[in-house]
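Note sheet for the following structure.
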Amino acid sequence: MFSDAIVGWAGAQEKNVPDLIARYDVQFDVPLRHRYAIGVLRMVEAFSPRWPASVRVGAYWCAIVQADVEYDLLEGLRLVSLSRGMSERLAQECATGSVDPADTFPPYVAARWLDGAGKILYRLGSFARARMSFEAAREIAARHHLWWCLPDIESNFIRARFEEMKQTYGGVFTENGLADLVEELQDVKARLVQELPSPSASNEGNAEGRDEEYLRGHSSVLHNLAVAHRELGNVADSLAASRESLAISVRLRDAYRIGQSLNHQARCEPDKAVQLYEQLEKGEWRRGQLIARQNLARLRGGIEGVTMLRDLIAVLGDDSGDSAIAGIDIDLRNYSCQFFDELVRNLASTLGRTDPNQYRALLEEAGTQRLDMARTVRRVVATPAYKRAYATAVRPNFLERVANLLADDTPDSNKLESTFALTEEASARELLDLLSNMNLPRLGRPPRLAQAVERPAASRPAHVSPPPSQPQPAGIRARRLPLRRAGLRDASSEEEAAVRATLAARETEFETQFLHRPLESAPHDPEITHRVRMFTVNNPGTCIVRYFTYGPGRAAHLGAFVFHGGTLGCVKGIPYEEVRAFAQGLDIHNPPTKEESERIWRLLLAPVWDMINASGQLSHLVIIPVDELFSLPLHTASPPGANTLPLAAMVPMSQSVSATAFVGRGRHLLKRQPVGPDDDLAAIIVADPGQPSVDQNEQGYEDPVFGDELVGTGWPAERLLIAGDRPPRLNGHVRLHQADWSGIAAITEARPEFFVYAGHGRYHRSFGQLGPSLELGGDDVLTQYDVALRLRLPRNKLSIVGACLAGQAQHTGGGDVVGFLRTFIAAGAGAVCIPLWSVLNSAMVETGRTVLAASRAAVSTSSRTFDVVQVLHDTYRDVAREHGDDFETMVEHMPLSLYL
């Protein structure tokens with residue numbers, strides 16, 4: 001690979017390798033000369049097993065730092081994954097005192113590797129994982145008295161911790177949170193000044209390098225303090241801290257941190273911004289040069305600025321050479337496109353009058369650039385970064401493009417088809433990506449938190465037998481109060497905090513998997529509009545209603561596309577803010593009232609109903625929601641007036657996550673499915689024997705949860721697999737497992753055609769996109785992330801998630817499907833039945849049992865086909881006939897939304 005002379009030279013350098021790594025931060029990272037050090041490390045094969053683990057970990061840290069500075073985060077992620085095992089072993093040895101206390105090299109590289117990995121995770125938006133990595137690095141550095149690297153690590157830890165808090169509270173710092181951040185950083189700064197080493201403070205080797213590394217950490221603390229001051233509005237204090245940081249960086253000739261300070265100061269001092277950005281452009285930090293070019297173009301404006309930004313966008317769109325960083329640097333390219341658009345629009349009063357054709361061409365170019373940017377970066381690098389960037393930088397471009405197309409009222413079928421294709425391109429993409437990756441990671445038991453999730457007393461079963469008879473005073477009628485399958489409705493704040501902590505930990509585990517195993521993105525089908533039209537032509541009784549949002553850079557309006565009999569119609573101008581406010585204020589602990597059902601109809605169904613009924617033939621209505629509409633019980637929508645029925649009792653209906661999934665990915669095939677006597681039914685049952693009535697005038701027990709959906713379905717006992725509590729009324733010998741991770745593994749191995757969960761669901765709106773959870777045995781819970789990582793249903797035809805609020809979750813802002821709906825589909829589930837409110841146990845039992853029994857009855861028919869849409873419609877029609885004079889009771893017994 002190398003010439004003899006180079007090999008000989010490299011051999012002579014081997015004794016200096018640990019020293020090179022120890023000096024890397026100051027002698028190679030500071031002047032941005034990483035490639036020289038990495039070249040030497042490769043020549044001496046420092047990444048190979050022939051070296052001690054400490055040298056290999058150190059070599060990988062050096063390469064990770066280079067990837068971080070060059071913003072090549074995919075390469076950084078790859079390096080972290082390659083070296084994680086050996087680094088964790090070395091960190092464990094350092095933490096337990098297994099290394100020579102006189103040798104600071106092993107703990108130094110262990111701490112630095114954790115610090116470098118934390119920076120990559122931080123850049124990707126995984127702030128919780130970054131904070132944990134920085135924290136572990138800080139502990140090792142403190143334990144082994146690595147005073148020279150501790151300031152930088154501590155600064156990174158503090159910033160990551162507060163970014164994690166910011167992410168938790170909706171992407172913004174509270175004023176108190178910022179003030180706390182400033183105070184903490186000021187304390188660290190004061191301590192650093194007090195402990196600042198003198199040049200002769202150490203007699204150890206590399207003493208000067210350690211002093212400079214300490215000063216780099218000091219500079220980092222000051223820069224983070226400057227950022228916090230600016231966010232708090234203290235511009236003067238921010239500039240003072242930034243200038244102090246810059247002075248240290250200039251003394252050290254630290255090219256990267258000099259660039260950071262110049263960029264920060266330019267944002268604080270607009271009147272000096274041109275001068276500061278010109279200095280930044282002349283620096284050696286590559287990304288800083290691009291940031292400077294971007295802002296200089298913005299500040300100069302006019303045709304000159306437009307031309308400069310056009311050239312810059314071309315560089316950022318080029319996947320070769322140095323510009324490869326743009327492949328993941330979404331913000332840099334997005335802001336460049338935004339600035340281009342702003343500068344073009346500023347020319348309206350000049351160029352728009354003197355040369356309107358050129359002006360219109362520039363406007364079209366601006367729109368095309370933003371859409372091209374959105375399409376280019378729509379690849380999943382890692383889940384947290386993807387969600388954040390997609391919601392803030394990518395989807396708004398699609399929403400605005402759709403709005404621009406809809407602004408022209410001129411009838412144009414081609415334009416309408418293009419608009420529909422854009423809405424599909426911008427929606428449910430993460431789920432489609434998950435579906436496109438057939439080898440998703442499958443994990444075992446999740447890590448257990450120190451703070452267990454304790455169930456409320458009312459839902460903690462002491463046994464699974466029916467409750468004993470209670471003595472009743474004379475004249476008192478025994479009754480059973482209706483039990484809802486919810487476990488958090490009256491939970492204490494401590495329990496809510498414990499549930500949230502578990503959800504957050506499982507989400508972090510989920511994110512970590514895709515940080516280290518990036519998903520390949522599912523390609524968009526540009527002919528999806530044509531395929532949907534062809535589908536409705538070949539299925540003449542089917543009508544597909546696809547809701548969508550649009551607006552200038554945000555979801556400001558709501559519209560709907562309607563496909564029926566091959567025709568495509570569009571309704572726009574549905575009041576989205578009213579829909580959003582209604583969805584956020586809906587009582588999810590009870591079924592919708594008549595008034596609420598009529599409001600769902602008025603807002604969402606009435607505007608499209610004439611189109612739906614245009615052909616007069618309707619055998620299957622498919623509704624595809626968007627954003628907050630996923631949390632609305634659309635199947636209960638009811639026309640105004642007395643004696644009107646909910647939608648699901650009026651027409652056979654289902655919902656889907658996107659037209660691409662329904663038509664392109666074949667989920668329409670789930671409507672009618674073959675069934676046979678060898679179909680397996682697997683169930684997770686977490687029994688609740690109920691509790692005594694709290695009514696002083698009546699005695700008895702609330703309805704117990706025993707999983708009676710399985711009883712009386714005609715399912716052969718030998719085809720049943722139960723993880724958890726066996727229903728007392730179920731006859732025959734069944735395969736029985738615990739309602740724990742071993743039981744979930746057994747279900748996965750069985751590859752069941754039908755799946756049921758029967759138990760309590762937990763959800764609070766404050767959980768946000770963390771979503772609901774389902775109870776398991778003991779004090780454990782099943783989260784949406786566990787379904788994605790631990791459950792597989794590759795042959796599934798129908799899954800019934802029979803727990804309160806299981807279909808709820810807050811949308812992400814990126815137009816994606818969230819919660820259990822997303823992860824059950826990703827895990828391979830067929831049709832999914834899921835409730836959106838705190839459902840009655842008896843209603844769940846009746847509905848689930850009826851649907852399951854119908855699948856067994858279909859086995860005896862000549863076609864052996866099971867139509868889940870028609871069966872659920874017939875079930876709800878029967879409910880309407882029985883309870884038609886009481887709308888609330890009628891809806892109460894229609895607990896499930898059906899998704900194909």
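Only heavy atoms go into these numbers, but all of them, side chains included; no hydrogens, no water, no symmetry mates. By convention here, the first residue in the shown sequence is residue 1.
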*Report yes or no: does Y876 contribute a side-chain atom to a donor-acceptor pair with the main-chain N or O of M650 at less than 3.5 Å?*
no
*asked:* Listing request: all salt bridge (Lys or Arg N to Asp or Glu O under 4.0 Å) pairs with a residue in residues 826-840, at least two apart in sequence or in separate chains.
replied: none
*Check: D688 side chain, V705 main-chain N or O, donor-acceptor pair, under 3.5 Å*: no
_side chain to side chain contact (heavy atoms under 4.5 Å, CB included), paired with P633, selected from S597, P835, P592_ = P592
_Would you say that more than 12 heavy atoms from the other residues, nucleotides or ligands in this model lie under 6.0 Å from the CD of Q870, or not?_
yes
*Sub-3.5 Å donor-acceptor pair from the side chain of H873 to the main-chain atoms of A648, do we have one?*
yes
*OG1-CG distance between T713 and D708, expressed to the nearest 0.5 angstrom*: 11.0 Å
*Judged by atom type as modelled, is there a donor-acceptor pair below 3.5 Å linking the side chain of R792 to the main-chain atoms of T748?*
no
*asked:* I'd like to know if R506 and D786 make a salt bridge, using a cut-off of under 4.0 Å between side-chain N and carboxylate O.
replied: yes
*Can you name the residues that form a side chain to side chain contact (heavy atoms under 4.5 Å, CB included) with D679, not counting sequence neighbours?*
V675, W715, E753, F754, K797, R856
*Carboxylate-amine/guanidinium contact R881 D878, below 4.0 Å*: yes
*Just say parallel, tilted or perpendicular for the rings of H668 and F535, cut-offs at 30° and 60°.*
perpendicular
_Validation row, ring centre F824 to ring centre F755 under 6.0 Å_ = yes
*Return yes if some donor-acceptor pair links the side-chain N/O of S638 with the main-chain N/O of E598 below 3.5 Å, else return no.*
no
*Under 3.5 Å, is there a donor-acceptor pair between the side chain of T847 and the main chain of M844?*
no
*asked:* Can you list everything that forms a side chain to side chain donor-acceptor pair (under 3.5 Å) with S862? Sequence neighbours excluded, please.
replied: none
*When rounded to the nearest 0.5 angstrom, what is the spacing between OH in Y547 and CG in L632?*
10.0 Å
*Without swapping roles, check the side chain of E888 against the backbone of K594 for a donor-acceptor pair under 3.5 Å.*
yes
*To the nearest 0.5 angstrom, please state how far the CD1 atom of I834 sits from the CG atom of L896.*
9.0 Å
*H635 and S897 side chains, donor-acceptor separation under 3.5 Å*: yes
*Between the side chain of N539 and the main-chain N/O of T542, is any donor-acceptor distance below 3.5 Å?*
no
_Among residues at least two apart in sequence or on other chains, which ones pass side chain to side chain contact (heavy atoms under 4.5 Å, CB included) with A880?_
L645, A649, M890, M894
*Hey, does the side chain of S855 reach the backbone of L852 with a donor-acceptor pair shorter than 3.5 angstrom?*
yes
*Any chance you could measure T644, atom OG1, to W601, atom CH2, to the nearest 0.5 Å?*
8.5 Å
_Other residues, nucleotides, ligands: >12 heavy atoms within 6.0 Å of N731 CG_ = no
*Answer yes or no: is there a donor N or O on one side and an acceptor on the other, between the side chain of R667 and the main chain of G830, under 3.5 Å?*
yes
*asked:* So, taking the atom named CG in L836 and the one named CD1 in I588, what distance separates them when rounded to the nearest 0.5 Å?
replied: 9.5 Å
*Which residue pairs satisfy the salt bridge (Lys or Arg N to Asp or Glu O under 4.0 Å) criterion with at least one member in residues 859-869, sequence neighbours excluded?*
K671-D867
_Can you confirm whether more than 12 heavy atoms, excluding those of N538, are under 6.0 Å from its CG atom?_
yes
*Tell me, please, which residues at least two apart from L669 pass side chain to side chain contact (heavy atoms under 4.5 Å, CB included).*
none
